[in-house]
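In what follows, a single structure is set out as structure tokens and then discussed.
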Amino acid sequence: MKIKAENRLKTTTQDQKYNISLLYVEGDASSRSIYRKILERAVQNVYVAPDGLQGLEMFRQYKPDLILTDMRMEVISGLEMISKIRKEDKDVRIIIISSFSESNYFLGAISYGVKGYLLKPVQSDDLLKLIREQANDIMLDRKVKVEEQKRRDAEKSKEKGEAILQILAYASGIFFREGFDQDSVLKVLEAIGEVTQSSRVYIFQNFKDKEGKPYTSQIYEWVEDQVHPEIDNPELIKIYFDMPEIKRWVEVMPGGGYIHGFTNDLPEGAEKELLRAQDIVSLLAMPIFVENEWWGFIGLDDCKNERFWSESEIKAMETLAGNLGAAIYRKQVEAQLIDLNAGLEQRVADRTQALEKEVATRKMAQIRLKESEEKYRLIYENANNGIILVIEDQIIMINPEVVNIFEMKPQQMIGRPLRDFVHENDYVVYDAYFSSPNKPGDPSSVDVRIHTGKDKVRWLDIKTNAINWSDEPACLLFVADITARKTAEEEIRMLNKTLESRISEEIQKVKHQQQLLVQKSKLESMGELSAGLSHEINQPLGGISMGLENILLRMGEKGSVDSEYIRHKFSVLFHDIERINKIIQHVRTFSRDQQNTVMDRVDVLKVIRDALSLVVVQMQNHDVKLTQNFPESPVYVEGNRYRLEQVLLNLLSNARFAVEDKAKKTKDKSYQKEIEVSCTSAHNCIIWVQDNGTGITPENINNIFDPFFTTKDEEKGTGLGLSISYGIIKEMKGEIEVESEAGRFTRFKIVLPLLNKNI
């Protein structure tokens, strides 16, 4: 039974469709029909094109996540289509399915970064396996991007929330220090407008006319640059409650409700017309209450975009409206006190000593009230989310947000140490943070986990501030729930860990591929040198053969041969054998796949002569005049002699190709094919390889060191030689440059640092 269950699970996983889009480009109609049905088993959206041109058009129209394409098609080939797509999208995943296995197709696919290369006929299981692997990678990339966007949005929301809270603290400080007047209100409106990025911030106050009929009027306003002010708009000076423009507001705000949304979403009518006349696209308006009576409202306008007001902005506006109400009430109380105190001196003089004592008691109450207000301001200015007052390690007071975070009633927390709620794995961090006293204003914080009343674990960010509360030393704790942020950070960390391992695997694959390309270039060079090597070996073999024939001939004529003659002939024969052995050893060492490059002292002149020894016969057979110009003293550099020889052989091969190509095309019968190799060692080692061949056109000269770039036919070159040569010279801390004129010459210059000034 267990085996059957596992088989059912495997079938369900393999038969699921991935939520990605796939473009299938295939020139053969029967293959399109067959593979389309296979692909539709694994992918939700499959688009099919019969040739490369239509495939390119469908790519631009549908922007698929994955492309599966044949190589040879009518109109344009698969590689041509991939080349055009790569110019528009460097990241789209591509799989090639073809019946051709030539190396040029494979190398072309590698250059365009394809994710797979399948040869027809393809088994459906193999195709689906590769499609599922790519689909899983695509969906993983999507998830990473989504999580990253969530993290950025969370950070942005947190930063904006903290900025709004700081502005609210600033507003509270302004109102408590300066009272509620035009200067203080305009300062607060400007700060609110800038932090919320609003177009307009304003305050309306409710009044009653002589007949007692209620209306509202705009009394304060702040606008950002290039936004038209409405403070003098006559339509906003006296709006009666029974007018249709304000009717909905009058129904909602007295009960504590607020107005927000988009102007375009409102039904046609007077309210919508009034808002449009002020260029308002979206708004948020919050009622202001003074002593439980609806006093007016404060509003934010956005005149540019349809804006969704965040929860932090709505709560901030609600808090700001409450602070405005408190400031207005305080101003009213102060005005009443001023009126009462106007005749206080005369009344004090007329009253008895007992009344004077009552006045003194009232002054003391005012002092205590001021102290309480100062404590309240301090608490509010430092608040982020939850507030906990702790005296002698005991919780004394909490605000409603703490109740929400801890999911406990106040009576379950007050009177207990905060440490009782800390997760046992965070005791050390918590105790270390609270072991030293914090100074007022200290911005340091600690992240710990706590157990909630519903057996949940949450992450909290805790900040402290030491204060005096009722003449006792106390500590204010400001707590914020950061569970979502911590969860996102952990998920991103795990994703990054997986990505690092995958990237490492890809790097190893690329390194292996590069080593194969270098070795391929060596083998190509050896193939081109085969004729010269054959002559170099045949010459000493001919000498050996003739020497042996001479010995046999002497023995036949005289019957015996003296030892001195035999010794001389054998010496010559062994010399020829040694020459053959050196040639074979040199070729074997040069063609070996040297994965671990050894950097050693290199005799440059010997390397040049070794390279020339492999091509000199080939040059002579093709009537190429080879000129050599070297210094008499040895020249030494640091590097790998075989790789340097590979570079020289590649340059000599290209030079021979250039002069022979020119000989075929030129009408000048006196043209002499010439190649010059020279070396100097004044300040650096400089090697020149120059030919009088076809040269390089200006449009191609900047691309000759690019991988796979070649002007030769496909069967004559892959475009890897100069790219690999460039990498070898850079590895030896040198430079390789080219100077050329089309139809006249090409001159390659290799500059290498000398080793210890040739000592």
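Heavy atoms only: backbone and side chains are in, while hydrogens, waters and symmetry mates are out.
Residues satisfying the salt bridge (charged side-chain N to carboxylate O under 4.0 Å, His left out) test with Asp28, not counting sequence neighbours, are none. Glu638 is linked by a salt bridge (charged side-chain N to carboxylate O under 4.0 Å, His left out) to nothing, counting only residues two or more places apart in sequence or in another chain. In terms of the side chain to side chain contact (heavy atoms under 4.5 Å, CB included) criterion, residue partners of Asn136 (sequence neighbours excluded) are, by chain and number, Tyr18. By the salt bridge (charged side-chain N to carboxylate O under 4.0 Å, His left out) test, Lys733 pairs with no residue at all, sequence neighbours left out. For Arg747, the side chain to side chain contact (heavy atoms under 4.5 Å, CB included) test picks out Trp688, Gln690, Glu739, Phe745, with sequence neighbours left out. Remark: Thr697 pairs with Glu699, Asn700, Ala742 by the side chain to side chain contact (heavy atoms under 4.5 Å, CB included) rule, at least two apart or across chains. Asn629 is linked by a side chain to side chain donor-acceptor pair (under 3.5 Å) to nothing, counting only residues two or more places apart in sequence or in another chain. With sequence neighbours excluded, the residues forming a salt bridge (charged side-chain N to carboxylate O under 4.0 Å, His left out) with Glu490 are Arg493, listed by chain and number. Applying the side chain to side chain donor-acceptor pair (under 3.5 Å) criterion to Tyr62, with sequence neighbours excluded, gives no partner residue. Residues that satisfy the side chain to side chain donor-acceptor pair (under 3.5 Å) test with Gln628, not counting sequence neighbours, are absent from this structure. Residues passing the side chain to side chain contact (heavy atoms under 4.5 Å, CB included) test with Val75 are Asp51, Leu53, sequence neighbours excluded.
Minimum heavy-atom separation, Phe59 to Glu88: CE2-OE1, 3.9 Å.
Interatomic distance, Leu651 CG to Arg656 CZ, rounded to the nearest 0.5 Å: 13.5 Å. Remark: Glu147 CD to Arg152 CZ distance equals 11.5 Å, nearest 0.5 Å. Here the CG atom belonging to Leu118 is positioned 10.0 Å from the CD1 atom belonging to Ile96, to the nearest 0.5 angstrom.
Checking side-chain atoms of Asn684 against main-chain N and O of Ile686 turns up no donor-acceptor pair under 3.5 Å.
Sorted by first and then second residue, the salt bridge (charged side-chain N to carboxylate O under 4.0 Å, His left out) pairs with a member in residues 620-633 form an empty list; sequence neighbours excluded.
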